[in-house]
Amino acid sequence: MPTFPYVIINAFTRTSFGGNPAMIIALPPNSLSQPQTFSEETILKTSLAFAQPMSIFLSPSPDDSTVLDVRFHNGTVAPLICGHAMLAATKALCTNALPSLGQFGPEVKLRTKAGTILSACSVTESGSEEEKYEISLPATPFVTLPDVERDRIASVVSEAAGRNVQVEYAAKGECNLSDYLMIVVGPDENIGDMKLDTDVLRKTSYMVNVITNITPDADQVFVSRMFAPAAGIPEDHVCGSAHTLLVPYWATRLGKKNQEMYARQVSPRGGELWVVWDQDKGLVRLKGHAKAFGTGDFTI
């Protein structure tokens with residue numbers, strides 16, 4: 001019976017009980033190429049069995065030794081890209097936590113099911129002994145919703161909160177994130193303290209609901225939370241894909257294109273991100289810490 005090694009790493013945090021956990025699973029070479037020997041059904045069942053926010057499956061590519069094929073699954077949905085799992089996997093690879101996948105330097109390349117090559121790296125900043133990890137994701141264009149739709153969204157959020165919530169702006173993602181809704185609330189709203197009935201947020205008709213606002217903290221630019229009850233995720237601890245919308249929005253609004261910003265996702269576990277919108281390349285760069293939490297093997 002085949003045995004597969006795995007590690008669990010918390011992304012965008014320095015702590016064992018913060019950030020967003022991901023389970024990184026090492027598969028033999030060619031497992032995710034065609035014909036796929038590690039089936040989609042097995043990916044689903046493995047994700048359900050371990051019940052992590054996201055499982056990421058990695059296999060050495062048959063045609064390029066510098067690339068790993070990747071799949072993501074949380075037992076309910078299988079996104080093409082998951083930012084926090086990608087960052088967690090980068091730490092696993094750069095620290096040789098899964099040696100069966102091979103030796104990697106400070107740079108990592110992952111190939112999605114759609115054939116997109118994603119780049120990531122480890123970063124040691126001047127004057128600091130703490131290592132961070134950086135991933136690059138395609139920036140997501142968004143469309144401003146009409147006032148009448150913004151007002152409808154505001155009524156749903158207010159119902160979920162059990163009080164009136166000031167919604168300043170609402171936009172929907174385009175391309176692969178057309179089911180993402182970005183909701184900008186007033187600066188007086190304390191997003192971290194919001195108590196929301198997440199089931200009510202299904203009424204927005206969007207799969208993913210991202211709530212954000214600016215902060216008065218001089219060092220911290222914006223905060224956010226992400227809720228996706230329709231995808232079986234009442235709240236995501238730290239969401240990388242949401243920031244492909246958030247970072248271009250805040251960089252444009254605040255005149256910080258191509259400048260690094262410090263942001264926090266203020267879920268109960270919480271997470272820290274250092275983010276940049278590279279407008280010329282159409283990329284959002286997300287940087288953060290990652291904390292190893294567990295390791296083991298499983299047998300099928």
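Partners of Glu149 by side chain to side chain contact (heavy atoms under 4.5 Å, CB included), not counting sequence neighbours, listed by chain and number: Leu145, Pro146, Arg152, Ile153, Tyr206. In this structure, the side chain to side chain contact (heavy atoms under 4.5 Å, CB included) partners of Asp193, at least two apart in sequence or on a different chain, are Asn190. Legend: residues meeting side chain to side chain contact (heavy atoms under 4.5 Å, CB included) with Phe17, ordered by chain and number and at least two apart, are Phe293.
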Verify side-chain contact (heavy atoms from CB on, under 4.5 Å) between Arg111 and Asp63, making sure each step is shown before the conclusion. CA-CA 12 Å; Arg111 181 169 59 194; Asp63 51 15; 3.3 Å; yes
What do the steps show when you test Leu32 against Arg71 for side-chain contact (heavy atoms from CB on, under 4.5 Å), and what is the final call? CA-CA 8 Å; Leu32 300 176; Arg71 301 289 186 275; 3.8 Å; yes
Worked check of side chain to side chain donor-acceptor pair (under 3.5 Å) between Thr212 and Trp250: CA-CA 10 Å; Thr212 183; Trp250 285 114; 3.1 Å; yes
List the steps and the verdict of side-chain contact (heavy atoms from CB on, under 4.5 Å) for His84 and Phe12. CA-CA 7 Å; His84 93 265; Phe12 299 112; 4.0 Å; yes
Could you walk me through whether Glu40 and Lys113 pass the salt bridge (charged side-chain N to carboxylate O under 4.0 Å, His left out) test, one step at a time? CA-CA 11 Å; Glu40 296 293 340; Lys113 188 175 183 179; 3.3 Å; yes
Show the numbers, then the answer: is there a side-chain contact (heavy atoms from CB on, under 4.5 Å) between Ile56 and Met23? CA-CA 6 Å; Ile56 174 171; Met23 180 173 178; over 6 Å; no
When you look at Phe4 and Phe38, which way does the ring pair (Phe, Tyr, Trp, His ring centres under 6.0 Å) test go after all the steps? CA-CA 11 Å; Phe4 306 95; Phe38 198 88; 5.3 Å; yes
Residues Asn74, Ser47; criterion side chain to side chain donor-acceptor pair (under 3.5 Å); working and verdict: CA-CA 6 Å; Asn74 72 352; Ser47 303; over 6 Å; no
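Of all non-hydrogen atoms in Ala290 and Leu87, the two that sit nearest each other are CB-CD2, 4.1 Å. Closest non-hydrogen pair, Ile81 versus Pro138, comes out as CD1-CD, 4.4 Å. Taking both residues in full, the closest heavy atoms of Pro21 and Gln52 are given as CB-OE1, 3.6 Å, listed atom of the first, atom of the second, then distance. Across all their heavy atoms, Met54 and Cys82 have their closest contact at CG-SG, 3.7 Å. Scanning both residues, Lys109 and Ile117, for their nearest heavy atoms gives CB-CG2, 4.2 Å. Taking each heavy atom of Val200 and Ala160 in turn, the nearest pair found is CG1-N, 3.8 Å.
In this structure, Leu110 CG and Ser61 OG are separated by 11.5 Å, a value rounded to the nearest 0.5 Å. Rounded to the nearest 0.5 Å, atoms CG (Asn30) and CG (Asp69) are 8.5 Å apart. If you take CZ on Phe222 and CG on Leu273, they are separated by 7.5 Å, rounding to the nearest 0.5 Å. Rounding to the nearest 0.5 Å gives a distance of 9.0 Å between OG of Ser55 and CG of Leu48. Note: Lys287 NZ to Cys121 SG = 9.0 Å, rounded to the nearest 0.5 Å. To the nearest 0.5 Å, atom CG of residue Leu27 and atom OG of residue Ser59 are 5.5 Å apart.
Counted by atom type alone, Thr244 and Thr140 present one or more donor-acceptor pairs between their side chains at under 3.5 Å. In the model, Glu235 has no side-chain atom that pairs as donor or acceptor with a side-chain atom of Ser267 under 3.5 Å. Asp236 and Asn20 are linked by a side-chain donor-acceptor pair at a separation below 3.5 angstrom, with hydrogens and angles left out of the test. With 3.5 Å as the limit, one finds no donor-acceptor pair spanning the side chains of Thr3 and Asp297.
Put simply, the side chain of Ser158 never gets that close to the backbone of Ser155: no donor and acceptor are under 3.5 Å apart. Counting only distance, with no hydrogens or angles, the side chain of Asn10 and the backbone of Gly19 share no donor-acceptor pair below 3.5 Å. Here the side chain of Arg202 pairs a donor or acceptor atom with the backbone of Pro229 at under 3.5 angstrom. The backbone N or O of Val77 sits less than 3.5 Å from a side-chain atom of His73, completing a donor-acceptor pair. A donor-acceptor pair is defined here as one N or O able to donate and one able to accept, closer than 3.5 Å; such a pair exists between the side chain of Thr215 and the backbone of Gln220. When atom types are taken as modelled, the side chain of Arg225 and the backbone of Ile191 share a donor-acceptor pair closer than 3.5 angstrom. For the pair Thr116 (side chain) and Thr112 (backbone), a donor-acceptor distance under 3.5 Å is absent.
With contacts defined as side-chain heavy-atom distances shorter than 4.5 Å, the pair Leu177/Phe142 does not qualify. At a threshold of 4.5 Å between non-hydrogen side-chain atoms, the residues Glu260 and Val276 count as touching. Residues Leu98 and Ile24 meet the side-chain proximity criterion, which asks for heavy atoms closer than 4.5 Å. Contact annotation: the side chain of Leu181 never approaches that of Val210 to less than 4.5 Å [non-hydrogen atoms, C-beta and beyond]. With a 4.5 Å cut-off on side-chain heavy atoms, Trp277 and Asn258 do not count as touching. Gln265 places none of its side-chain heavy atoms less than 4.5 Å from the side chain of Val223. Side-chain contact between His243 and Ser224: present, with at least one pair of heavy atoms (C-beta onward) separated by less than 4.5 Å. Residues Ile8 and Thr295 fail the side-chain proximity criterion, which asks for heavy atoms closer than 4.5 Å.
Applying the side chain to side chain donor-acceptor pair (under 3.5 Å) test to residues at least two apart or on different chains, none of the pairs has a partner in residues 87-108. Sequence neighbours left out, the pairs with a member in residues 167-176 that pass side chain to side chain donor-acceptor pair (under 3.5 Å) are Thr144-Tyr169. Applying the salt bridge (charged side-chain N to carboxylate O under 4.0 Å, His left out) rule to pairs touching residues 7-32 yields Arg14-Glu130, Arg14-Glu272, sequence neighbours excluded.
Looking at Ile43, Leu44, Thr42 one by one, the single match for side-chain contact (heavy atoms from CB on, under 4.5 Å) with Thr46 turns out to be Thr42.
In this structure, Lys132 satisfies the cation-pi test against Trp274, with its NZ or CZ atom closer than 6.0 Å to the six-membered ring centre and inside 45 degrees of the ring normal.
Not less than 6.0 angstrom separates the ring centroid of Phe72 from the ring centroid of Phe57. For an aromatic pair to be called close, the ring centres must be under 6.0 Å apart, and Phe50 with Tyr6 satisfies this.
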